[in-house]
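Scroll down for the structure; my scribbles are underneath it.
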Protein chains: 2
Amino acid sequence: MRVLLVEDDEMLGDAVKTHVHRQGHAVDWAQSRDDAEASLEAVAYDLVLLDLRLPDGSGLDILKSLRDRRDETPVIIMTAHDQVSDRIAGLNAGADDYLVKPVDLGELQARIHAVSRRYGTHTLPALVINGISVYPSERRIVAGDGAEILLSSREWAVLDRLVARKRAIISKAQIEEALYAFGAEVESNTVEVYVSRLRRKLGKEAIETVRGVGYRISTDAA
Amino acid sequence: MRVLLVEDDEMLGDAVKTHVHRQGHAVDWAQSRDDAEASLEAVAYDLVLLDLRLPDGSGLDILKSLRDRRDETPVIIMTAHDQVSDRIAGLNAGADDYLVKPVDLGELQARIHAVSRRYGTHTLPALVINGISVYPSERRIVAGDGAEILLSSREWAVLDRLVARKRAIISKAQIEEALYAFGAEVESNTVEVYVSRLRRKLGKEAIETVRGVGYRISTDAA
DNA sequence: GAAACGTCTTCAGGTGGCTGTCAGCTTGGT
DNA sequence: ACCAAGCTGACAGCCACCTGAAGACGTTTC
């Protein structure tokens, strides 16, 4: 997932960003209201973590303007104190959930998971190889440090076949079948080339070759 | 194979686990939905046996979230009663087969076999030597601790001949015949070499030499 | 429209695992 | 002790696989 974190506190922001990164999500961190609105305009996010107390205006206004634009991106509010009025205002303005500071990272994780599930987006990677998270139905993988790596459509198609049945050995023929939906034959080592490219992005050990049989995801890669 | 059993009933779970374990598979047993999801996240399985009625949520959700993640691990459902609606919902959600409780262990075995066969993996080892399972038509053997040992195609061919008729003594000539489909003569001790290589992987006692006659699989190896 | 860019496919040279061969050694029978 | 049969480490050749490069094609940018 792609997450926008709106938080002016350096310490807290850093902790949250790191933690959410570790869950395998791409995190942009906006430290002011202007920052946040610029980001929201430029990028489509799957989730927004929103602090209501910002130096240059209320976080609530960000949420309101989002919903005014009929943007239904899930928003989780982080309120500075357990102020009932804040929470009510936030939820009324269209927030999906809220957290009370000091933020417990485990709780944050659980709430992100719950909200995302409600929206049908994926928060759990289908697979983690070498600390690199692979997500289903997304042409992107996330490295351990949070950096995003984009996959081309063919690269992703190959990886998808391998990940769908993790413990199985998949033959080149099976992979080709998935790549070229009937008819469109290919007469060279295309699959080998894409495996090679995937290895460059995922790490050499990520995909195991079984000579004369096919390929398989390495299950033991830590 | 590595199997995840999701079942909250102690009695039934124990019986099923024991039975499946006897077939030579590694079985993890999850007794709750949370347990099951944690296991699925951490480990790649070849098969999931899924009870739909769990204390902390529906087993169907587990299946749905698996398929949402484009995970195609085979799933066999166990429904509490012969509820048509359950079965239909399960199959629609992407289950591969279903069992009706009370579970008949023989039927369970047959269905596991059928589902696995559809996916090209074998569930019944042709033979167990030294706690190492040998599967038909696969160039792979599995040690007692679950570690996999890959065989080269020639190694496999030799082992296959020996396993095909377990108690019989197979001559070198017969084995050579299987290795080199007519014409392609071999004029050295190739068979001896491959027996040696196999012994290195299977254990010294796995293959017995009958001087002047041929080889045979040791049946007494525990 | 032209240039810059990214993707897909093909090809060619390189690499490493698999294979068959042999030589020297071990084992079993007499 | 001797011989025949079998065992196994070493090695050269082969073939499956790997990978860098380049051309064809489509897309974006100016």
Side-chain angles (χ1 to χ4, degrees), chain A residues 42-43 138-141 148-162 169-218, chain B residues 138-141 148-162 169-218:
Chain A
V43 182
E138 286 182 41
R139 297 229 312 249
R140 133 189 114 70
I141 56 185
E148 248 184 301
I149 306 170
L150 294 172
L151 299 178
S152 81
S153 91
R154 288 285 193 267
E155 283 168 357
W156 187 80
V158 171
L159 184 58
D160 178 61
R161 280 305 82 202
L162 292 172
I169 299 172
I170 315 291
S171 72
K172 287 190 212 176
Q174 280 177 285
I175 297 176
E176 268 177 14
E177 209 170 302
L179 290 191
Y180 312 101
F182 192 70
E185 297 301 315
V186 170
E187 31 190 294
S188 76
N189 60 343
T190 315
V191 172
E192 289 171 19
V193 171
Y194 280 107
V195 168
S196 169
R197 288 189 188 153
L198 278 174
R199 287 210 254 242
R200 194 184 304 166
K201 293 186 175 180
L202 292 168
K204 252 197 180 311
E205 334 72 45
I207 300 172
E208 182 189 351
T209 301
V210 182
R211 281 207 145 219
V213 184
Y215 297 96
R216 158 170 75 172
I217 292 286
S218 295
Chain B
E138 283 184 40
R139 292 197 194 136
R140 132 188 113 81
I141 56 184
E148 260 188 327
I149 306 170
L150 292 170
L151 299 180
S152 81
S153 91
R154 286 290 195 264
E155 283 167 358
W156 168 253
V158 171
L159 183 58
D160 182 56
R161 279 304 82 200
L162 291 171
I169 301 172
I170 315 291
S171 73
K172 289 190 208 174
Q174 280 177 285
I175 297 176
E176 267 177 17
E177 210 170 303
L179 288 192
Y180 310 102
F182 191 70
E185 296 302 315
V186 172
E187 30 190 293
S188 76
N189 61 342
T190 317
V191 173
E192 288 172 16
V193 171
Y194 278 106
V195 168
S196 168
R197 285 176 187 162
L198 276 174
R199 288 210 254 242
R200 194 182 303 166
K201 293 188 174 179
L202 292 168
K204 256 201 178 308
E205 333 73 46
I207 300 172
E208 183 187 346
T209 301
V210 183
R211 275 199 147 228
V213 184
Y215 298 96
R216 122 175 108 180
I217 293 285
S218 300

Between [X] and [N], does any side-chain N or O lie under 4.0 Å from OP1 or OP2?
X: A/Ser196; N: D/dC17; answer: no
X: B/Ser153; N: C/dT19; answer: yes
X: A/Tyr180; N: C/dC8; answer: no
X: A/Lys204; N: D/dT19; answer: yes
X: B/Tyr215; N: D/dG6; answer: no
X: B/Thr190; N: C/dT21; answer: yes

For atom [atom1] of [X] and atom [atom2] of [N], their distance in whole Å:
X: B/Leu179; N: C/dT19; atom1: CG; atom2: C1'; value: 11 Å
X: B/Lys172; N: D/dC7; atom1: NZ; atom2: P; value: 7 Å
X: A/Leu198; N: D/dT19; atom1: CG; atom2: P; value: 12 Å
X: B/Arg200; N: C/dC18; atom1: CZ; atom2: P; value: 12 Å
X: B/Asn189; N: D/dG9; atom1: CG; atom2: C1'; value: 12 Å
X: A/Arg199; N: D/dC18; atom1: CZ; atom2: P; value: 5 Å
X: B/Glu192; N: C/dC22; atom1: CD; atom2: P; value: 13 Å
X: B/Ile207; N: D/dG6; atom1: CD1; atom2: P; value: 14 Å

| field | Donor-acceptor under 3.5 Å (B/Lys172 side chain, B/Thr190 main chain) | value |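 A pair under 3.5 Å: no.
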| field | Donor-acceptor under 3.5 Å (B/Arg199 side chain, B/Ile207 main chain) | value | yes
Checking all strands, does [X] fall into the base, sugar-phosphate, or nothing category for heavy-atom contacts under 4.0 angstrom?
X: B/Arg197; value: base
X: A/Arg154; value: sugar-phosphate
X: A/Val195; value: nothing

| said: Does any part of the side chain of A/Glu208, heavy atoms only, come nearer than 4.5 Å to the side chain of B/Leu150, both counted from C-beta? | reply: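 When only atoms from C-beta onward are counted, A/Glu208 and B/Leu150 do touch, with a gap below 4.5 Å.
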| said: Does any part of the side chain of B/Tyr215, heavy atoms only, come nearer than 4.5 Å to the side chain of B/Gln174, both counted from C-beta? | reply: no
| task | When you get a sec, tell me which of C/dT21, C/dT9, C/dG28 is the closest nucleotide to the side chain of B/Arg211? | result |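 Among the listed nucleotides, the one closest to the side chain of B/Arg211 is C/dG28.
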| request: Would you indicate which nucleotide in C/dC8, C/dT10, D/dC7 comes nearest to any side-chain atom of B/Thr209? | output: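 Closest of the options to the side chain of B/Thr209: D/dC7.
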| query | Can you tell which of A/Val193, A/Ile170, A/Ile175 makes a side-chain contact (heavy atoms from CB on, under 4.5 Å) with A/Val158? | reply | A/Ile175
